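Computed over heavy atoms, backbone and side chain alike; hydrogens, waters and symmetry mates excluded. Here the structure is a predicted model, which means the values were calculated and not measured. Within every chain, numbering begins at 1; the chains are lettered A, B, ... in the order of the sequence lines, protein sequences first and strands thereafter.
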Number of protein chains: 2
Amino acid sequence: MKKKATIKDVAKYAGVSTAAVSYVLNGKESRVSPDTVKKIHEAIHALHYIPNYSARSLVKNASKLVGVIIPQTEDNRQLILENPFYSEMVSNIELKLREHGYHLILSGVDKGSSYLDISVQRNLDGAIIMGIYPEQFYEELKQVKIPIVLIDSYIHDNAFSRVGIDDEHGGYLAANYLIEKGHRNIALVTGTIRKDGVVEKRFLGYKRALREANIFYNPDYVFEQSVSYAYGYEAGKAIADRCPEITAVFATADLVALGVIRGLKESGKEVPEDISVIGFDDIFLASMFVPQLTTVRQHIARKGQMAAELLLEIMESESPEQVTRREESIPLTIIERQTVKPL
Amino acid sequence: MKKKATIKDVAKYAGVSTAAVSYVLNGKESRVSPDTVKKIHEAIHALHYIPNYSARSLVKNASKLVGVIIPQTEDNRQLILENPFYSEMVSNIELKLREHGYHLILSGVDKGSSYLDISVQRNLDGAIIMGIYPEQFYEELKQVKIPIVLIDSYIHDNAFSRVGIDDEHGGYLAANYLIEKGHRNIALVTGTIRKDGVVEKRFLGYKRALREANIFYNPDYVFEQSVSYAYGYEAGKAIADRCPEITAVFATADLVALGVIRGLKESGKEVPEDISVIGFDDIFLASMFVPQLTTVRQHIARKGQMAAELLLEIMESESPEQVTRREESIPLTIIERQTVKPL
DNA sequence: TCATTTTTGTTAAACGTTTAATTGAATTAT
DNA sequence: ATAATTCAATTAAACGTTTAACAAAAATGA
């Protein structure tokens with residue numbers, strides 16, 4: 001079995017030193033005469049030479065590898081890409097990174113092993129971290145000193161760049177929309193409310209909208225557990241069965257909203273006839289669904305692209321340690337569709 | 001800024017040679033006295049030492065890295081995870097691989113750069129390839145001599161293991177189901193029919209079902225372009241607008257089926273009242289949708305898991321070159337829901 | 001007791017790159 | 001004609017591991 005060609009093979013074939021080969025490989029062709037450059041290119045081609053990134057990574061201390069981290073729920077069993085929201089972001093991130101010669105390591109993160117491991121093991125050049133994690137996680141993250149872009153978190157730390165949206169505003173928008181349509185008993189269905197997480201902010205926005213409308217905030221109306229279709233379904237049934245006075249629900253993710261609608265329906269409540277629902281995200285499902293989901297749109301693809309761009313910018317700057325952390329915010333709009341009925 | 005601890009630091013701290021450290025790191029503790037093992041563990045812990053996989057990869061010629069390759073459509077712009085079918089498989093693959101200490105590089109594959117590149121550059125231990133590619137792609141693939149599992153392709157080659165389903169049977173099942181319900185003018189909406197691809201087989205099954213029922217196969221009834229919601233939508237409109245005699249459509253992917261339904265609806269045809277639709281895959285959307293999609297179910301999660309397991313088995317066997325290629329097939333069932341109406 | 005085997009440890013080469021330092025030749029300047 | 005500079009190429013160390021080969025000490029067997 002033929003072994004893979006190494007830089008030495010190329011050097012020998014071309015009749016030059018490995019250094020020469022390395023120079024042309026790294027675009028420092030000025031170090032080498034045009035003649036030799038040509039010979040080397042021929043050799044590379046003839047031997048089907050492809051550089052070994054592990055070796056390169058060792059000496060350059062740069063791997064051209066980026067980690068993309070997606071949270072997993074408590075039980076550690078939720079599929080990392082269950083929510084199409086993540087799929088869309090990851091797809092866009094992968095595309096952009098690939099265009100710039102980076103590869104992407106996709107990983108969920110489980111409670112046991114720290115994120116640190118993968119980052120150090122693989123000598124990542126950077127990472128994009130989605131969602132929110134225990135505080136200690138970020139402490140570790142800081143230790144590794146690589147460019148990091150946080151998506152959807154409110155961890156303010158000079159060590160991290162962030163891209164996100166104004167979630168408080170989004171929560172406000174959603175709740176306020178329902179209120180304007182005449183609803184007053186508005187449930188909130190959401191994932192666990194964690195400090196510095198998007199859900200917390202949306203929750204705050206929801207409460208502000210209520211307050212401004214002089215609606216008493218009722219803690220019994222918040223259903224807080226996990227961002228999943230299954231939980232939405234559960235909550236939907238609970239609402240239909242136990243809270244007949246509720247006329248509208250705000251789900252902090254479309255995926256959850258769809259579950260809610262299903263749960264409601266199964267307990268005999270039609271949307272929007274009997275009860276209104278508004279979601280958040282505007283995943284592409286939202287418009288496919290029947291009834292089409294009214295929701296707060298964020299530009300998901302753009303979010304992924306921006307995260308990738310931001311990371312690239314830092315990674316490729318001269319001294320990544322010193323580039324000022326940036327924070328990008330994507331605009332938000334209410335998309336009126338079919339799941340909210342004026343009261 | 002503190003540098004990362006290396007094995008040398010650990011060795012020095014523990015007062016032993018790097019070899020000793022390496023032995024305990026690699027589970028060869030029998031090479032080392034219990035006393036020293038303890039000292040080394042303490043040193044590792046004290047210094048927060050984490051091994052560098054690039055270096056390890058270099059000498060062991062094994063990277064603990066697996067490539068997961070997803071096809072991109074012609075235009076090279078389709079999101080690799082647009083189809084939740086892929087998301088679900090990838091999620092399951094990632095989980096299983098992570099449990100076994102592997103990391104996953106997720107990549108679309110564009111026309112320009114060959115798959116070979118990433119595989120050699122990164123010294124992948126194995127790869128899972130989804131879907132179907134130009135013939136030359138597989139030739140390259142064979143050159144790299146790493147364990148490969150093909151998902152959803154009919155490339156018969158001793159170099160590859162495969163997991164898939166009986167797509168011809170699936171196509172037959174779907175078409176036959178419609179026929180049994182009394183339909184005779186049945187459209188097929190599908191991605192490009194490529195040799196050795198799943199779509200080709202499903203198409204064959206579709207034709208067999210027609211033949212057995214003595215229905216004339218009409219090429220005008222096959223709408224063949226791409227596996228996307230957008231194309232389904234397009235085809236749905238075309239069918240409604242230009243082929244009023246069609247009473248049922250078989251879409252070879254749920255994602256496409258949902259697009260079809262939407263297109264139909266927008267051209268004034270209701271499903272299933274005016275026209276029936278059956279899909280393929282049973283993505284989780286299928287049951288969430290209204291009307292709930294009748295479809296041919298394959299166990300997607302299981303498919304991902306099996307691919308991962310198969311790959312692990314080969315990668316971890318003594319001599320991967322010699323392990324007999326295996327082919328796994330996942331069973332298929334029709335899931336009757338709400339989008340098919342008897343005629 | 002001494003030869004043998006086992007245990008525990010170390011040394012150093014190897015993996016495939018990059019790159020600073022060096023060298024010698026060719027060119028330019030004086 | 002010679003000194004100074006530029007150009008083109010090479011050498012060799014370094015990156016962080018693993019592991020074969022070796023060595024010394026301890027345990028075992030006769």
Side-chain angles (χ1 to χ4, degrees), chain A residues 2-41 43-44 47-65 101 117 119-125, chain B residues 2-41 43-44 47-65 101 117 119-125:
Chain A
K2 266 196 312 200
K3 291 276 298 165
K4 288 171 209 155
T6 75
I7 200 173
K8 284 183 194 163
D9 301 323
V10 176
K12 186 180 292 177
Y13 187 101
V16 298
S17 71
T18 62
V21 179
S22 179
Y23 288 135
V24 344
L25 247 29
N26 290 283
K28 298 182 175 44
E29 325 222 331
S30 57
R31 286 290 318 258
V32 144
S33 77
D35 246 28
T36 331
V37 170
K38 201 161 131 250
K39 278 193 298 186
I40 291 175
H41 276 136
I44 289 175
L47 301 178
H48 294 109
Y49 169 73
I50 296 168
N52 179 326
Y53 278 38
S54 294
R56 185 177 280 182
S57 157
L58 245 196
V59 13
K60 296 232 268 199
N61 197 27
S63 58
K64 288 279 173 184
L65 229 34
D117 287 9
S119 154
V120 176
Q121 285 166 347
R122 301 299 184 182
N123 211 241
L124 300 183
D125 289 349
Chain B
K2 267 196 309 200
K3 292 275 298 164
K4 287 172 210 155
T6 76
I7 200 174
K8 283 182 194 164
D9 302 324
V10 175
K12 187 181 293 177
Y13 187 101
V16 298
S17 70
T18 63
V21 178
S22 178
Y23 287 134
V24 344
L25 247 29
N26 290 282
K28 299 183 177 38
E29 325 221 332
S30 56
R31 284 295 317 277
V32 140
S33 78
D35 244 28
T36 331
V37 170
K38 201 161 132 249
K39 277 193 299 185
I40 292 175
H41 275 135
I44 289 174
L47 302 178
H48 294 109
Y49 169 73
I50 297 168
N52 179 325
Y53 278 38
S54 294
R56 185 178 280 181
S57 158
L58 246 197
V59 13
K60 298 231 268 196
N61 197 26
S63 58
K64 288 279 172 184
L65 228 37
D117 288 9
S119 153
V120 177
Q121 286 166 345
R122 301 300 185 182
N123 211 242
L124 300 183
D125 289 349

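Using a 4.0 Å heavy-atom criterion, one finds that S22(A) contacts the bases of the nucleic acid, with or without backbone contacts as well. Y53(A) comes within 4.0 angstrom of no nucleic acid atom, judged by non-hydrogen atoms across all strands. Contact annotation for N26(A): backbone-only contact, meaning every heavy-atom pair under 4.0 Å involves sugar-phosphate atoms and none involves a base. Nucleic acid contact for T36(A): sugar-phosphate only, since backbone atoms but no base atoms lie under 4.0 Å from a heavy atom of the residue. S33(B) comes within 4.0 angstrom of the backbone, heavy atoms only, and of no base.
If you measure from atom NZ of K38(A) to atom P of dA8(D), you get 16 Å, rounded to the nearest angstrom. Rounded to whole Å, the distance from CG on D35(A) to P on dA9(D) is 8 Å. Taking atom OH of residue Y23(B) and atom P of nucleotide dT19(D), one finds them 8 Å apart after rounding to whole Å. K28(A) has its NZ atom 16 Å from the C1' atom of dA8(D), to the nearest Å.
Remark: Y13(B) engages A43(B), A46(B), L47(B) in a side-chain contact (heavy atoms from CB on, under 4.5 Å) (not counting sequence neighbours). Checked against side-chain hydrogen bond (donor to acceptor under 3.5 Å, both in side chains), S17(B) has no partners two or more places apart in sequence or in another chain. Every residue meeting the side-chain contact (heavy atoms from CB on, under 4.5 Å) condition with V120(B), not counting sequence neighbours, appears here in chain and number order: K4(A), I50(A), L116(B), V144(B). Under the side-chain hydrogen bond (donor to acceptor under 3.5 Å, both in side chains) criterion, K60(A) pairs with N26(A), sequence neighbours left out. Annotation: side-chain contact (heavy atoms from CB on, under 4.5 Å) contacts of K8(A) (sequence neighbours excluded): T6(A), T18(A). For S54(B), the side-chain contact (heavy atoms from CB on, under 4.5 Å) test picks out S54(A), S57(A), N52(B), with sequence neighbours left out. Every residue two or more places apart in sequence or in another chain was checked for a side-chain hydrogen bond (donor to acceptor under 3.5 Å, both in side chains) with E29(B), and none qualifies.
Side-chain atoms of N123(A) and L65(A), non-hydrogen and from C-beta on, never get closer than 4.5 Å to each other. In this structure, T36(B) and V24(B) have side chains that are not in contact, with every pair of non-hydrogen atoms separated by 4.5 Å or more.
Between R56(B) and L25(B), the shortest heavy-atom contact is NH2-CG, 4.4 Å. Here the closest heavy-atom approach between residue L124(B) and residue S63(B) is recorded as CA-OG, 3.6 Å.
Remark on DNA chain C: of its neighbouring residues A19(B) and L58(B), the 5'-side contact belongs to A19(B), judged by nearest-heavy-atom nucleotide.
For the helix from dT1(C)-dA30(D) to dT30(C)-dA1(D), the rotation axes defined at the first and last 5 base pairs enclose an angle of 40°, given to the nearest 10°.
Along DNA chain C, the stretch of nucleotides lying under 4.0 Å from any heavy atom of chain A spans, 5' to 3', dG16(C) to dA21(C).
Across residues 11-18 of chain A, V16(A), S17(A) each have a non-hydrogen atom less than 4.0 Å from an atom of DNA chain D (numbered order).
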